[in-house]
Amino acid sequence: MEYLAAGGMTVMDKLGILSDAAKYDVACTSSGVDRKGNGRDMGNCVAAGICHSFSADGRCISLLKILLTNECIYDCKYCLNRKSNDIPRATFTPEEVCDLTMQFYRRNYIEGLFLSSGIIQNPNYTMELIYRTIWILRNRCRFNGYVHVKAIPGADPRLIQLTGYLADRMSVNLELPTAEGLKNLAPNKHRKTILAPMRQIQNGITENKNELVLYRNAPRFVGGGQSTQMIIGATPESDFQIMNVAESLYQKFSLKRVFYSAFVRVNEDKALPALPGGPPLLREHRLYQADWLLRFYGFKAEELLSEKRPFFNVMLDPKEDWAVRHLEQFPVEINRAPYEMIVRVPGIGVKSAMRIVNARRTASLDFSSLKKIGVVLKRALYFITCNGKMMYRTKLEEDYIVRNLTADVKNRQQFASDGMSYRQLSLFDDTVLGANPTAADNGKVAFGQL
C-alpha cells in the first residue's frame, strides 16, 4: 500500500483526522451476531462485543472506528465537523477504508469496523459511498468480521436496504431528544427524516426473520439490530423527557440500544450552553443506569421519574433514587417476595435475584447467604428483611437512608469534568510513553515496520 493518497495527503494523515473526528459518536456496542469462520473468507463475528467494550470473559474487544469523511454540508451548532468550522478536512476512498481494515485485522489490532460519515454533496452520494465501501470489503476483500455502519437520513431507501444486507448492525442518530432541540441546534435536520430510515430498518429486520424461517440460506439483514444516539445537555430536556423518548424508541422501533452522549462544547456559539463544570458525564452515567432498568429490570419511565420530579438525584443510582421515593413498598422479605420485587431492591441485580429465588426453594436465606449470592448488602440492607428481621436497626425514612447511601460518595468512581473521558483510544496508544509518537512512527506501526 502506498502512503501517499490522492490530493497529497497520506492515508495515515487521513486516519489521524477521521479517527479523531469519530470520537464523539458513542453508538457502538456488542454486535449481537455470532458468525463462525467459513473457511473461505477472512474473519468471523463474535456476539460478545466490539469497540473498546468488554466481553463476558473480560476480554477487551476493539474495532476501527472512523468517518468516511468529515466534510459536511450541514451546519449543526454542536458539531465539530459543521461546514462553517475551519478545521482540517479529509475523505477516504472506499478502497482506502477497506485496505486499512484488512491490514489492521491481519495484525490483530481490530475485530471489526465502525463506519460513520459527514454528509458530502448530499445524503444519496454519501450513502452510496458507504454502500460501495462495505460491498468491496465483503466481496473483494472477503471480510467476514463485524461491520457497523450509519444509515444516512434522507438517502434513497434502496441504498439503505442494500447496505443492510452487508452490515451486522446499523444506526441512525436521533441527535437530540426532542424535535424542538433539533430545530434550534440542527436546523438542516428533521425528526421525520431521521425516523424514516429507522422504521425502514425495523421493518426490514422483521421481514428478514420471516424469510430466514422459510429459507435458511437467505441473506441476513442487519442481523445485530439497530441502535441510536442522542446528545445530553446541549438542550434543556429533563431526565424524565429523555427516558420517555428512550422508552418510546425501544417500544416503537425495537432498538437494541439507545446511547447517551454527554454534550462536549467544541464550538463557540451563543445557542450552546456554557457548561462551566464541563460535560455532564455523571448525568450521562445515571441515564445509562436508568436505561438498564428499562431494558432488564421491568421499570417504566413514569415509575422512575415524573413531571413533578423530572431529574434523577445524581448522588444516587436510579434504582436507589426510585427506592427512597417509594418506601411504602419496603422492606421486602427476601424469603417470600416475588422475583419482580426482589430485582427492584438496590444492590440486587438480575443474576442475584434469580439465585435468591432458586436458593430459597431448599433453604431459608439469611444475610450471610445473600452476601455469598452476590448481593451488595451496604445498599440492600435498608430495603430488605430476612425472616422478618432487618440486618441492623434502620429508620425507613428517605432523608436518613439518602444520608447513609451517599456517605461514601467521595470513594465512588469520580467523573472528570474536562471531557477527557471522550478521548478515543488510538491504535498506537501506549500509556507508558513519555512523548507522543510522530506521524512517521504511527505509519510504521500501522504497517508493521516497527
Side-chain angles (χ1 to χ4, degrees), residues 232 238-247 249-251 257-260 262 280-357 365 367 370-371 373-386 390-392 394-415:
I232 305 304
S238 67
D239 295 342
F240 181 54
Q241 288 176 289
I242 293 168
M243 284 290 97
N244 273 297
V245 170
E247 185 176 65
L249 290 170
Y250 285 127
Q251 293 174 350
R257 285 291 303 274
V258 174
F259 289 86
Y260 310 92
L281 300 176
L282 183 53
R283 184 186 181 197
E284 175 199 279
H285 179 61
R286 295 307 185 204
L287 289 170
Y288 272 117
Q289 290 178 314
D291 189 89
W292 275 70
L293 297 183
L294 294 182
R295 293 189 294 135
F296 301 116
Y297 287 78
F299 283 88
K300 296 191 179 300
E302 62 184 14
E303 292 181 276
L304 294 172
L305 295 167
S306 67
E307 290 184 0
K308 292 182 179 180
R309 199 163 180 175
F311 289 94
F312 291 114
N313 179 348
V314 293
M315 304 303 288
L316 302 172
D317 74 47
K319 198 200 283 191
E320 291 172 342
D321 193 38
W322 172 82
V324 297
R325 289 187 285 110
H326 293 83
L327 291 176
E328 73 280 358
Q329 300 192 35
F330 297 101
V332 170
E333 173 50 53
I334 286 296
N335 288 290
R336 291 194 302 272
Y339 166 84
E340 292 75 15
M341 193 61 207
I342 292 175
V343 81
R344 292 187 169 216
V345 175
I348 300 182
V350 172
K351 289 183 179 179
S352 296
M354 293 178 66
R355 290 170 183 161
I356 288 169
V357 172
L365 302 181
F367 289 101
L370 296 181
K371 187 174 182 180
I373 284 174
V375 173
V376 183
L377 287 175
K378 69 177 181 179
R379 283 191 281 162
L381 66 88
Y382 305 99
F383 308 100
I384 60 174
T385 59
C386 288
M390 300 191 80
M391 188 172 182
Y392 304 115
T394 300
K395 298 177 184 177
L396 214 58
E397 296 176 359
E398 181 175 348
D399 289 345
Y400 171 80
I401 295 174
V402 169
R403 282 199 306 272
N404 281 276
L405 287 173
T406 58
D408 65 340
V409 72
K410 291 183 179 180
N411 297 323
R412 296 187 183 185
Q413 180 180 4
Q414 297 298 305
F415 289 79

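By convention here, the first residue in the shown sequence is residue 1. Owing to the predicted nature of the structure, the values given are computational and were not obtained by experimental measurement.
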Look only at the side chain of Tyr250 and the backbone of Val258, and say whether a donor-acceptor pair between them is shorter than 3.5 Å. yes
Output for pair (Arg309 CZ, Leu304 CG), nearest 0.5 Å, gives 12.0 Å
Are Glu247 and Phe299 side-chain neighbours, meaning at least one heavy-atom pair lies under 4.5 Å? no
Any donor-acceptor pair under 3.5 Å from Arg325 side chain to Asp321 backbone: yes
Heavy-atom closest pair (Ala337 atom, Ile342 atom, distance to 0.1 Å) is O-CD1, 3.4 Å
Correct closest heavy-atom pair for Pro280 and Ile232 would be CG-O, 3.7 Å
Can you name the salt bridge (charged side-chain N to carboxylate O under 4.0 Å, His left out) partners of Arg295, sequence neighbours left out? Asp291
Set of residues satisfying side chain to side chain donor-acceptor pair (under 3.5 Å) with respect to Arg355, sequence neighbours excluded: none
Considering residues at least two apart in sequence or located in another chain, which fulfil the salt bridge (charged side-chain N to carboxylate O under 4.0 Å, His left out) criterion with Glu303? Arg344
Which heavy atom of Phe312 sits nearest to which heavy atom of Ala290, and what is that distance? CZ-CB, 3.5 Å
Who are the side chain to side chain donor-acceptor pair (under 3.5 Å) partners of Gln329, not counting sequence neighbours? none
Is any side-chain heavy atom of Val375 closer than 4.5 Å to one of Ile334? no
Would you sort out whether Arg257 and Tyr288 count as a side-chain contact (heavy atoms from CB on, under 4.5 Å), showing the intermediate values? CA-CA 10 Å; Arg257 285 291 303 274; Tyr288 272 117; 3.5 Å; yes
Classify the ring geometry of Trp292 against Phe296: parallel below 30°, tilted from 30° to 60°, perpendicular beyond 60°. tilted
May I ask you to test the Asp317-Trp322 pair for a side-chain heavy-atom distance under 4.5 Å? no
Would you call Phe367 and Lys371 a side-chain contact if the rule is heavy atoms closer than 4.5 Å? no
To the nearest 0.5 Å, what is the distance between CG on Leu282 and CD on Glu284? 10.0 Å
Hey, does Tyr400 have a side-chain heavy atom less than 4.5 Å from the side chain of Val324? no
Heavy-atom side-chain contact between Leu305 and Phe311 under 4.5 Å: no
Taking all heavy atoms of Leu287 and all of Tyr260, pick out the closest pair and write down the distance. O-CE1, 3.9 Å
Who passes side chain to side chain donor-acceptor pair (under 3.5 Å) against Arg336, sequence neighbours left out? none
For Pro346, does its backbone N or O pair with a side-chain atom of Glu320 as donor and acceptor, under 3.5 Å? no
Using a 4.5 Å cut-off on heavy atoms from C-beta on, say whether the side chain of Ile384 contacts that of Leu370. yes
To the nearest 0.5 Å, what is the distance between CG (Asp239) and CG (Asn244)? 11.0 Å
List the atom of Leu293, the atom of Pro318, and the distance in Å for their closest heavy-atom pair. CD1-CB, 3.8 Å
Main chain of Ile348, side chain of Lys319: is a donor-acceptor contact present, judged purely on distance under 3.5 Å? yes
Quick one: CD on Gln289 to CG on Leu316, what's the gap to the nearest 0.5 Å? 10.5 Å
Of the non-hydrogen atoms in Leu381 and Met390, which two are nearest, and what is the gap between them? O-CE, 3.5 Å
For Glu302, enumerate each residue passing the salt bridge (charged side-chain N to carboxylate O under 4.0 Å, His left out) test, keeping only those at least two apart in sequence or located in another chain. none
Rounded to the nearest 0.5 Å, what separates atom CE in Met243 from atom NZ in Lys300? 14.0 Å
Sub-4.5 Å side-chain heavy-atom contact between Leu327 and Ile401: yes
